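Positions are given from 1, in the same order as the sequence printed here. The structure displayed is predicted, hence computed values, not measured ones.
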Amino acid sequence: MTAVYGLGRRARSPQGTGTEPVDAPRAARTAADAGALTVRLIDAADRARLAGLPDRARELLARAGHETAADAVRGAAQLVIGQLALQDGPAADAREVLLLAAELLGAVDGRRALAARLAAMEAAWATGDAAACREALDHAREQPEPDQRLAAFRAGMSSVMDGRLDRGRHQLREAATAAGAAGTPDGPEALLRAGGAALVAGDLVAACRANSRALAVARARGPRILVAQALERLAYGELRAGRHARARAHAEDGLRTALGTGQRNLAAHHHAILALVASVEGSRAAVAEHASAAESVAAPHGLAQAATLSQWARARADLAHGRLPEAAARLGPLVCAGPRRGHFAVRMLAVPCFVEAAARTGQEDAARAAVAEFARWAAQGADPQAPAQLARCRALLTGPEACEPLFTTALAHHDQHTGDFERGRTQLLYGTWLRRQRRPGEARGRLRDALVSFERGGAHGWAAQTRAELRATGDAGQDRPHGELALLTPQQLRIARCVAEGATNREVALRLSVSPRTVDHHLRNVFAALGVRSRVELSRWLDRAEKTTAHP
């Protein structure tokens with residue numbers, strides 16, 4: 001490698017005293033050999049990266065000595081460096097390196113220049129920078145593209161980044177056409193692109209088909225690093241479709257694969273998906289564990305999408321356990337306009353959760369503003385669940401006379417799509433509303449339907465909340481307290497448990513959809529029945545009684 005840096009010098013004689021001129025033909029051959037070696041080392045580094053060996057790739061790049069090479073060689077090296085940074089490093093830095101690679105390669109290697117631009121767009125997407133995504137896509141159009149699906153992908157993504165979702169959806173669906181069908185000759189990169197296009201277009205069936213095919217091809221033929229990416233896309237598609245058990249299986253596999261191939265940024269996305277799954281399945285500890293793991297990488301690496309997903313997961317866990325103010329506080333900055341807004345691809349997906357929390361905590365103005373934007377987004381067919389969610393959100397923000405027809409409309413929309421979890425949430429809110437309207441018989445019917453939906457979808461935390469609502473309607477089919485806990489009615493026990501967690505009377509009222517006055521009434525009766533004088537004493541009594549009941 002010293003020959004690379006010694007060109008143009010005068011060589012010493014074997015004895016070390018002469019300064020005879022360098023043999024020009026020999027120097028040229030040496031330079032050519034050095035240049036060829038540099039190219040081989042860069043190509044070897046890229047192969048190591050694709051095989052999931054990032055440390056080996058970096059070692060080969062360090063040996064390549066590409067800094068003084070021609071633009072084509074330096075551009076190829078920068079492309080590998082940028083892709084390595086995209087796998088494990090600050091995404092904004094990766095974007096700048098990839099744009100430099102595209103600039104160096106533009107005039108000499110159009111294929112690699114386009115690859116650099118598309119990777120720069122991926123980096124900008126991870127950071128949540130829509131303008132930077134559009135910039136990378138616009139420059140990518142400078143390269144002629146014979147592949148019509150790739151051209152449709154670039155045009156569709158540009159339209160989406162410009163806010164023209166209607167137009168972009170049609171172009172993205174064209175990009176996803178026929179991808180994932182058995183017998184197609186597409187490689188995993190093309191299939192992943194088609195799957196991503198279908199996800200953005202809201203075509204979850206096509207997305208899961210293309211990403212499932214990409215996974216099969218990547219496992220059979222490589223490259224190895226694309227296996228974890230295919231698993232992440234597939235897990236996210238299953239999550240969007242409401243198939244949470246499948247999403248968890250793919251994300252757990254993807255997490256192991258991403259960590260084993262040095263892709264920490266992708267591992268953060270898998271952790272965020274697992275946090276969202278846990279927020280449905282009811283494990284608060286799992287939500288906290290996976291969300292923290294995602295955020296520990298997302299914060300230093302600027303991964304806005306992973307950070308937004310993890311916060312959404314925390315908020316949904318709050319909702320499942322009746323912590324409405326906490327959920328609204330988490331989601332407010334993510335779904336509303338302002339500098340702290342969440343990732344542009346996730347913001348609208350989280351709006352129904354925000355509206356539920358905000359509407360039930362007296363933040364109607366903020367909820368209505370979010371619903372107005374959500375309505376425009378839903379009208380463009382961006383997500384199959386959106387029409388049902390929109391009707392449910394409007395039901396939460398309207399008067400009694402219009403509320404019931406909106407809940408009925410929401411359930412009619414749910415009937416047109418799969419997704420037990422979202423249907424169960426609508427049924428739970430509808431049943432809770434009926435109970436507050438003092439229609440317990442009708443409420444029980446809706447709540448039982450909700451319980452079936454949650455149990456079928458594995459949403460254990462939400463099922464527990466539904467059982468509590470059923471007990472509040474006087475449903476004899478629900479387990480009544482036993483042991484010392486039998487001293488309290490089901491509603492008194494619900495209130496006592498909330499108070500033991502530290503909730504104020506107003507917070508308990510919000511959680512249980514009753515008035516603060518009702519909470520105060522029940523709480524005085526609880527104190528009298530148990531002979532306790534303070535909330536601290538109540539908490540101690542409840543802890544002892546529940547331990548005794550669990551271990552008689």
Side-chain angles (χ1 to χ4, degrees), residues 1-14 19-123 136 139-140 142-144 187-189 221-226 229 261-265:
M1 296 304 295
T2 55
V4 175
Y5 301 104
L7 294 179
R9 289 181 171 180
R10 300 175 68 83
R12 293 184 178 274
S13 68
T19 55
E20 297 182 280
V22 173
D23 182 341
R26 181 178 178 184
R29 287 195 301 273
T30 302
D33 290 345
L37 177 60
T38 296
V39 171
R40 288 198 299 273
L41 287 169
I42 293 170
D43 287 343
D46 196 32
R47 289 194 297 274
R49 178 187 69 83
L50 292 169
L53 302 169
D55 291 340
R56 175 62 174 162
R58 293 186 180 95
E59 176 190 338
L60 290 165
L61 284 169
R63 289 170 51 196
H66 53 80
E67 292 84 355
T68 60
D71 283 358
V73 177
R74 285 193 295 126
Q78 292 300 314
L79 176 56
V80 179
I81 292 169
Q83 289 169 323
L84 285 168
L86 185 55
Q87 291 171 203
D88 185 3
D93 294 351
R95 172 182 168 270
E96 292 303 323
V97 174
L98 289 163
L99 290 176
L100 174 60
E103 183 181 335
L104 291 168
L105 293 164
V108 292
D109 192 338
R111 181 184 63 82
R112 280 183 170 173
L114 177 58
R117 291 284 182 191
L118 291 175
M121 187 215 73
E122 186 179 342
H139 283 292
E142 297 168 2
Q143 303 294 334
E189 297 90 345
R221 304 180 204 159
R224 188 181 175 210
I225 64 164
L226 293 187
Q229 187 174 352
T261 53
Q263 300 181 84
R264 283 204 305 156
N265 288 0

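Once rounded to the nearest 0.5 Å, the distance linking CZ of Arg112 with CG of Asp46 reads 7.0 Å. To the nearest 0.5 Å, atom CZ of residue Arg58 and atom CG of residue Leu84 are 5.0 Å apart. Atom CG in Leu100 sits 9.0 Å away from atom CG in Leu105 (nearest 0.5 Å). To the nearest 0.5 Å, atoms CG (Leu98) and CG (Leu79) are separated by 6.5 Å. The line from CZ of Arg221 to CG of Leu226 is 12.5 Å long, rounded to the nearest 0.5 Å.
With sequence neighbours excluded, the residues satisfying salt bridge (charged side-chain N to carboxylate O under 4.0 Å, His left out) with Arg56 are Glu59. Looking at residues two or more places apart in sequence or on another chain, you find no salt bridge (charged side-chain N to carboxylate O under 4.0 Å, His left out) involving Asp93.
Two residues are said to be in side-chain contact when any heavy atoms from C-beta on lie closer than 4.5 Å; Val80 and Leu60 fail this criterion. Looking at heavy atoms from C-beta onward, Arg117 lies in side-chain contact with Leu99 at the 4.5 angstrom threshold. Residues Gln87 and Asn265 have side chains not in contact (no heavy-atom distance under 4.5 Å, counting atoms from C-beta outward). Taking 4.5 Å as the limit, every side-chain heavy atom of Pro223 sits out of range of all side-chain heavy atoms of Arg47.
One N or O on the side chain of Gln263 and one on the backbone of Ile225 form a donor-acceptor pair closer than 3.5 Å.
Across every non-hydrogen atom of Ala57 and Ala45, the tightest pair is CB-O, 3.2 Å. Heavy atoms only, all atoms of each residue included: Ala85 and Ala94 are closest at CB-CB, 3.7 Å.
Around CD of Glu96, the count of heavy atoms belonging to other residues, nucleotides or ligands within 6.0 Å exceeds 12.
Screening residues 74-92 for salt bridge (charged side-chain N to carboxylate O under 4.0 Å, His left out), with sequence neighbours left out, gives Asp71-Arg74, Asp88-Arg264.
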